[in-house]
Amino acid sequence: MKGARRGYWCECWTEDLTEQRGPALLASFDAYAAPQADRWVAVTLRTISSALDADASDAAWQWLYDGRIETRRALLRSEPCTVSVTHEDIRITWTIRPVIFLPLLHRQGAELPNCAHDFKPRKPD
């Protein structure tokens, strides 16, 4: 089993600014290097930029040309980052946070506790 590994947890949230509902998680991504994390946001912004209104598209390209550099520097300093654009009444926010990914133990080859063998699946009714 490998030890803990540093990386970045990336999320994309959407929020309808006209409704009382809170933000909704749209996607998440685990990255193991700063370039991989900011590239996830960059690829997404490039992909959707032509569908955004003019102001949101300008904000997206502003980040792609200027803000991305500062985002990468912040990530390399292990600082969390946020990128947001607002298209009409929808705010789209990407968050990137430094994290430590913990390894999971694989069950094959491992001895299970005795109680694991006591479990009997219930037959369907």
Side-chain angles (χ1 to χ4, degrees):
M1 178 171 72
K2 293 181 180 180
R5 186 171 177 189
R6 293 190 178 277
Y8 302 89
W9 183 247
C10 311
E11 295 177 335
C12 178
W13 292 83
T14 59
E15 181 179 11
D16 186 336
L17 302 174
T18 63
E19 297 188 17
Q20 298 299 320
R21 286 183 278 153
L25 180 63
L26 186 62
S28 60
F29 178 72
D30 54 321
Y32 292 93
Q36 187 182 22
D38 77 71
R39 189 178 315 117
W40 183 68
V41 177
V43 167
T44 306
L45 276 174
R46 281 191 195 105
T47 302
I48 68 170
S49 66
S50 63
L52 298 173
D53 62 42
D55 290 339
S57 183
D58 288 347
W61 286 103
Q62 180 69 31
W63 181 83
L64 285 164
Y65 286 121
D66 298 324
R68 187 175 178 190
I69 295 165
E70 190 51 43
T71 297
R72 173 89 53 96
R73 287 179 183 150
L75 293 174
L76 292 171
R77 293 188 304 263
S78 294
E79 298 172 358
C81 298
T82 301
V83 178
S84 291
V85 295
T86 301
H87 168 73
E88 296 174 358
D89 294 328
I90 303 292
R91 180 182 301 128
I92 307 166
T93 302
W94 291 265
T95 60
I96 306 171
R97 295 185 312 263
V99 296
I100 297 175
F101 293 108
L102 300 175
L104 298 176
L105 182 62
H106 197 283
R107 287 182 49 168
Q108 277 186 326
E111 190 172 325
L112 296 174
N114 289 335
C115 63
H117 302 289
D118 293 340
F119 175 75
K120 304 287 186 251
R122 200 174 98 175
K123 293 182 182 184
D125 295 329

What is the distance from atom CZ of R91 to atom CG of D16, rounded to the nearest 0.5 Å?
10.5 Å
Pairs where residues 63-83 contributes a residue and the test ring pair (Phe, Tyr, Trp, His ring centres under 6.0 Å) is met, not counting sequence neighbours
W61-Y65
Heavy-atom pair of closest approach, residues T47 and V43:
OG1-O, 2.7 Å
Single-linkage hydrophobic cluster, 4.5 Å side-chain cutoff, F29 and I96 together
yes
Where do A60 and L45 come nearest, in terms of heavy atoms and distance?
CB-CD2, 3.7 Å
Could you see if W9 belongs to whatever hydrophobic cluster contains L75? Use Ile, Leu, Val, Met, Phe, Trp, Tyr and a side-chain cutoff under 4.5 Å.
no
From CZ (R39) to CZ (R72), nearest 0.5 Å
7.0 Å
Given T93, which of V83, L26, T82 fulfils the side-chain contact (heavy atoms from CB on, under 4.5 Å) condition?
T82
Minimum heavy-atom separation for F101 and G7, please, with both atom names.
CE1-CA, 3.6 Å
Decide, yes or no, whether a salt bridge links E11 with R97 under the criterion of side-chain N to carboxylate O below 4.0 Å.
yes
Measuring from atom CG of D38 to atom CD1 of I69, what distance do you get when rounded to the nearest 0.5 angstrom?
10.0 Å
Do L64 and L52 sit in one hydrophobic cluster, given that two such residues count as connected whenever their side-chain heavy atoms are within less than 4.5 Å of each other, even indirectly?
yes
So, the side chain of D53 versus the backbone of E88: is there a donor-acceptor pair under 3.5 Å, distance only?
yes
Give the C-alpha distance, both sets of side-chain angles, the deciding distance and a yes or no for side chain to side chain contact (heavy atoms under 4.5 Å, CB included) between V85 and W94.
CA-CA 9 Å; V85 295; W94 291 265; 4.0 Å; yes
Which heavy atom of Y32 sits nearest a heavy atom of R5, and at what distance?
CD2-NE, 3.4 Å
Contact summary for Y8 and P98, nearest pair of heavy atoms:
CD2-CA, 3.9 Å
Checking side chain to side chain contact (heavy atoms under 4.5 Å, CB included) for the pair I48/I92: CA distance, chi angles, key distance, verdict?
CA-CA 11 Å; I48 68 170; I92 307 166; 4.1 Å; yes
